[in-house]
Structure formats: C-alpha cells, structure tokens
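All heavy atoms count here, side chains included; hydrogens, waters and symmetry mates do not.
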Amino acid sequence: YSNTIVSAFRFVSPTKIFAGTTGNGSAGGDGVFKSTDTGATWSLATKGINALEGRDIKVITTGPFAGRILYLVNSGLGYWYSDDQGLTWFFKQISDTYGMTEIIVSGTTLIAYGVFYVYRSVDGGSTWNSTLSQIDPSTPFLNGLLRIGTDLYASASDGANTVNKICKSTDYGVNWI
C-alpha cells in the first residue's frame with residue numbers, strides 16, 4: 001500500500017493492529033487496515049464502510065471486551081463501529097456531529113466531541129445526550145478533551161481566543177465546573 005498516509009493506530013492485542021489512513025488523493029485515504037502479525041502484513045478492513053465516508057480516519061478507539069468493539073472517527077457526520085474486531089463496520093450518526101474529533105470510551109459510556117459539541121452515551125452509543133450546554137456558554141468552541149480516570153477536562157474558548165477556559169467534569173460529562 002504505497003502512498004498511504006497513516007493518521008491513526010490502535011493495538012488491540014500484542015499482534016493485532018488497526019491503522020486508519022488519510023490524505024491519499026482528492027477523496028482522502030483508503031480507510032482502515034488490519035494486521036494480525038504485528039505489522040508484517042496488512043489488509044483492508046472496510047467491509048460495510050462506504051468508500052467515501054470511511055476515509056480520512058482521525059481516531060481508532062477500543063471499547064469494552066478486550067478490544068472487541070472498535071470505533072473509527074472520520075471527517076463525516078458520525079462514526080463507524082465494529083463489534084467483531086473489524087470484520088464488519090456499521091455507521092452511527094449523532095445528531096449534528098459533523099467534524100467529530102474523538103470518541104472517549106469507558107465501559108459502555110462514550111463521550112463524542114467536536115469543535116461545537118460534546119455528546120454522552122451511557123448505553124454503548126444507542127442513545128446520546130448533549131452535555132456542551134453544561135460548559136460555560138461564553139466559551140462555545142471546544143479545543144480539546146482529556147480523560148483522566150472518570151474526570152474529563154475540556155479546553156474551551158470564545159473562538160477569538162480572548163476568553164479561554166479549562167472546564168472539569170468529575171462525573172464523566174454530566175456536569176461541568
């Protein structure tokens with residue numbers, strides 16, 4: 001796979017690796033690749049992923065059950081997930097989530113965020129609720145989100161960088177201080 005730009009990696013076992021690609025040609029990368037021999041050989045792992053929507057992979061995140069559930073974040077309206085270690089993929093859309101940055105996973109609780117939103121799911125992604133309104137309305141632009149244990153830290157700004165704040169949630173995104 002020459003001329004492939006890798007933008008995301010995830011080891012799901014000592015020998016199994018997933019790699020997401022981006023930027024190959026005008027439509028983006030080739031999607032997601034899987035290696036079962038610590039990277040010696042690679043194969044496309046895109047069954048179920050639309051050719052255009054499955055490109056420009058930003059993040060590969062593992063869920064519960066020892067990496068059996070995988071999440072892919074790309075530049076589109078939602079995310080892809082696999083519950084069979086990447087054999088097949090399914091698309092999920094969360095309301096108005098264009099430009100998702102990442103999904104943070106802790107058991108069945110998921111936090112999805114982008115520049116203008118933070119959504120939380122406590123049932124593995126079946127239902128989602130917005131939590132961005134809990135963050136200070138004077139700083140509606142989310143620059144980054146970090147998880148340490150069950151605490152979340154959000155870097156937020158007003159867009160002009162005249163007001164910048166770090167907000168903290170100690171209950172995994174339900175409330176922000």
Side-chain angles (χ1 to χ4, degrees), residues 1-95 97-115 117-128 142-150 152-154 172-173:
Y1 299 99
S2 61
N3 298 322
T4 298
I5 299 170
V6 175
S7 54
F9 269 109
R10 177 64 64 180
F11 276 85
V12 296
S13 77
T15 58
K16 189 180 290 183
I17 310 168
F18 285 87
T21 63
T22 189
N24 187 8
S26 62
D30 293 316
V32 63
F33 290 83
K34 177 169 121 178
S35 173
T36 57
D37 54 12
T38 319
T41 60
W42 294 89
S43 60
L44 274 170
T46 57
K47 183 177 180 182
I49 298 177
N50 175 299
L52 292 178
E53 292 174 348
R55 297 173 183 240
D56 292 326
I57 305 298
K58 295 184 204 174
V59 175
I60 302 172
T61 302
T62 56
F65 314 114
R68 183 168 170 77
I69 299 176
L70 299 164
Y71 301 90
L72 298 178
V73 176
N74 68 357
S75 301
L77 288 167
Y79 65 96
W80 295 88
Y81 77 95
S82 172
D83 58 8
D84 57 10
Q85 290 196 340
L87 294 176
T88 54
W89 296 91
F90 304 94
F91 182 73
K92 292 278 255 185
Q93 184 170 349
I94 308 169
S95 188
T97 57
Y98 187 79
M100 187 182 298
T101 303
E102 187 172 357
I103 292 181
I104 295 174
V105 181
S106 177
T108 58
T109 300
L110 310 176
I111 303 291
Y113 74 94
V115 174
Y117 59 86
V118 178
Y119 280 91
R120 181 176 188 262
S121 172
V122 294
D123 56 13
S126 294
T127 59
W128 293 87
L142 191 61
N143 302 317
L145 196 67
L146 171 69
R147 180 186 78 165
I148 301 175
T150 58
L152 297 174
Y153 296 87
Y172 218 69

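- Looking only at distances, a side-chain donor or acceptor of W89 sits under 3.5 Å from a matching main-chain atom of A45.
- Heavy atoms only, all atoms of each residue included: V118 and L142 are closest at CG2-CD2, 3.4 Å.
- Between L110 and Y119, every side-chain heavy-atom pair lies at or beyond the 4.5 Å cut-off.
- Taking every heavy atom of both residues into account, T21 and S7 meet most closely at C-OG, 3.7 Å.
- In this structure, S106 contributes its side chain and T109 its backbone to no donor-acceptor pair below 3.5 Å.
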Side chain to side chain contact (heavy atoms under 4.5 Å, CB included) assessment of Y79 paired with I94: CA-CA 8 Å; Y79 65 96; I94 308 169; 3.7 Å; yes
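- Looking at residues two or more places apart in sequence or on another chain, you find a side chain to side chain contact (heavy atoms under 4.5 Å, CB included) between T127 and D123.
- Closest non-hydrogen pair, S82 versus T88, comes out as OG-O, 2.8 Å.
- Between the R147 side chain and the V105 main chain, a donor and an acceptor come within less than 3.5 Å of each other.
- The ring-ring contact (aromatic ring centres under 6.0 Å, His included) test applied to F9 returns no partner, not counting sequence neighbours.
- Applying the side-chain hydrogen bond (donor to acceptor under 3.5 Å, both in side chains) criterion to K34, with sequence neighbours excluded, gives no partner residue.
- The ring-ring contact (aromatic ring centres under 6.0 Å, His included) search around Y81 returns F90, not counting sequence neighbours.
- Evaluation of the side chain to side chain contact (heavy atoms under 4.5 Å, CB included) rule for T38 yields T15 as partners, not counting sequence neighbours.
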Verdict with supporting geometry, L72 and F18, side chain to side chain contact (heavy atoms under 4.5 Å, CB included): CA-CA 10 Å; L72 298 178; F18 285 87; over 6 Å; no
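- The CH2 atom of W80 sits 12.5 Å away from atom NZ of K92, with the distance rounded to the nearest 0.5 Å.
- Considering only heavy atoms from C-beta on, I104 stays 4.5 Å or farther from T61 through its side chain.
- Proximity of F33 to V6: side-chain heavy atoms (C-beta onward) are nowhere separated by under 4.5 Å.
- Not counting sequence neighbours, the partners of T41 by the side-chain hydrogen bond (donor to acceptor under 3.5 Å, both in side chains) test are D37.
- To the nearest 0.5 angstrom, L146 atom CG is 8.0 Å from Y153 atom OH.
- Side-chain atoms of S35 do not come within 3.5 Å of backbone N or O of K16 as any donor-acceptor pair.
- Of the inter-residue distances, the one linking I103 atom CD1 with L70 atom CG reads 11.5 Å to the nearest 0.5 angstrom.
- The heavy-atom pair separating S121 from S126 by the smallest distance is OG-N, 4.0 Å.
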